[in-house]
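Read through the structure below, which is laid out as structure tokens, and then see the notes.
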Amino acid sequence: MPALRAIPSKAEADPLPSPPPEVEPRPATGHFAKTLRRNLTAHGFLIGAVVCFAVFSWYPMIREFLLAFQKTENGRTTWVGLDNFRTVANDPAFWQAWGNTALYTALALVLGFAVPFVAALVINEFRHAQAYLRLLVYLPVMLPPVASVLLFKYLYDPGYGLLNELFGLLGLPEQQWLQDPDISLLAVVIASTWMNMGGATLIYLAALQSIPGELYEAAELDGAGLLRKVWHVTVPQTRLVLSLMLLMQVIATMQVFVEPFLLTGGAGPEGSTTTVVYLIYQYAFSFNDYGAAAALGLLLLVLLAGFSAAYVKLSRVEDE
């Protein structure tokens, strides 16, 4: 008779699993060194940006603030208080420059703010030629300002200019575009609008393409026409972009210099295109009065800062 095998116990059948091998802890010094290297790299890039801003932005602003209260004569710099501000305020060109700058800003808001938005609305209606139209509208921005100015000098020429030729074909009187003090500033605004409208048009176009199509379909069901759809759908949906571009437009036009300087020599006929920035240029580089130039620049800075602060305050009130 064969011997019976012993039945193994449960403990013998299912042996306990062996404990996992102990993992050696990572040395703290290696982790600290890696974190330190990563932070040093990030702070290195940050420090580079801060240094660039300090050297090319903050230092000139601080230096301008100091120069506005100083006078340099025969190599000696003295503090003169508010004398530089009195000098620029008593200049007959001071108020004319501010008036021209305000008028230029108003005209630029009518043309330079509205024309790009209308151009974006028109381009947005095309389905198959948008890439070509975007390139076409942005092309003037890629041209050097001098080349654009030479083009408009040819267009505005009273003898053989293309605009006067066109006016003659239409039976309209020819104009002295850059020689007439009544329309010279308008001529500068037209040239500036053509030269700078490309960027604003692309920004408006991107904002328009982000509007849901269902809103326009709902407006059509309510019987809204084109103008009502623009006013009740497009404008509210792009309000933030429009307000931001308005702020940037005002800041840019209040600092206009290149277009009037290249088209009319800066002052223009009877000082009709003299702007605040051109007057700063005259004080600094024509009269060698850097204190007066800094004082006028500081006044412009305070004005633009006040406008920006008011814009931010009104934006917060509307959001609330």
Side-chain angles (χ1 to χ4, degrees), residues 60-61 64-65 67-68 71 82-113 144-158 161 163 175-197 248-308:
M61 293 175 62
E64 179 190 14
F65 181 81
L67 280 175
K71 194 83 170 178
L82 299 178
D83 287 352
N84 291 323
F85 295 92
R86 297 189 186 97
T87 299
V88 297
N90 293 329
D91 188 349
F94 175 79
W95 296 108
Q96 185 182 24
W98 282 106
N100 291 338
T101 302
L103 179 59
Y104 180 91
T105 301
L107 293 174
L109 290 179
V110 174
L111 295 178
F113 186 70
V146 175
S148 300
V149 167
L150 290 177
L151 172 63
F152 272 91
K153 275 198 169 184
Y154 167 74
L155 294 176
Y156 289 147
D157 190 273
L163 282 179
Q175 302 292 332
Q176 301 289 325
W177 294 98
L178 299 177
Q179 294 76 25
D180 188 349
D182 294 330
I183 62 173
S184 58
L185 194 63
L186 177 61
V188 173
V189 172
I190 294 174
S192 177
T193 300
W194 184 84
M195 293 166 58
N196 302 302
M197 66 176 288
M248 296 176 63
Q249 181 85 6
V250 171
I251 293 176
T253 52
M254 289 292 290
Q255 301 179 72
V256 63
F257 172 77
V258 174
E259 291 84 354
F261 181 75
L262 295 178
L263 280 172
T264 64
E270 300 179 10
S272 58
T273 61
T274 300
T275 62
V276 174
V277 177
Y278 177 71
L279 193 59
I280 294 173
Y281 170 85
Q282 278 192 315
Y283 275 118
F285 301 105
S286 298
F287 309 147
N288 292 323
D289 192 345
Y290 296 102
L296 188 54
L298 187 59
L299 291 176
L300 181 61
L301 173 65
V302 171
L303 177 65
L304 294 179
F307 178 79
S308 301

Does the Q255 side chain pair with the main chain of I251, one donor and one acceptor, at a distance under 3.5 Å?
yes

Y290 and F285 aromatic ring geometry - parallel, tilted or perpendicular at 30°/60° bounds:
perpendicular

CD1 on I183 to CD on Q175, rounded to 0.5 Å
4.5 Å

In Å, rounded to the nearest 0.5 Å, how long is the span from CE of M254 to CG of L303?
4.5 Å

Got a donor-acceptor contact below 3.5 angstrom from the S272 side chain to the G268 backbone?
no

Checking S192 side chain against V188 main chain: does a donor-acceptor pair fall under 3.5 Å?
no

Quick one: does T101's side chain have a donor or acceptor within less than 3.5 Å of a partner on V276's backbone?
yes

Please check: side-chain N/O of D180 versus main-chain N/O of Q176, any donor-acceptor pairing under 3.5 Å?
no

Approximate separation, where rounding is to 0.5 Å, of E259 CD and I190 CD1
13.0 Å

CH2/W98 to OG1/T275 distance, rounded to the nearest 0.5 angstrom?
10.5 Å

Sub-4.5 Å side-chain heavy-atom contact between F94 and L296:
yes

Taking S286 for its side chain and Y283 for its backbone only, find out whether a donor-acceptor pair lies under 3.5 Å.
no

With distance as the sole test, does N100 use its side chain to make a donor-acceptor pair with the main-chain N or O of Q96 at under 3.5 Å?
yes

Could you tell me how the ring of Y281 sits relative to the ring of F261: parallel (under 30°), tilted (30 to 60°) or perpendicular (over 60°)?
perpendicular

To the nearest 0.5 Å, atom CG of L111 lies from atom CG of L186 at 7.0 Å

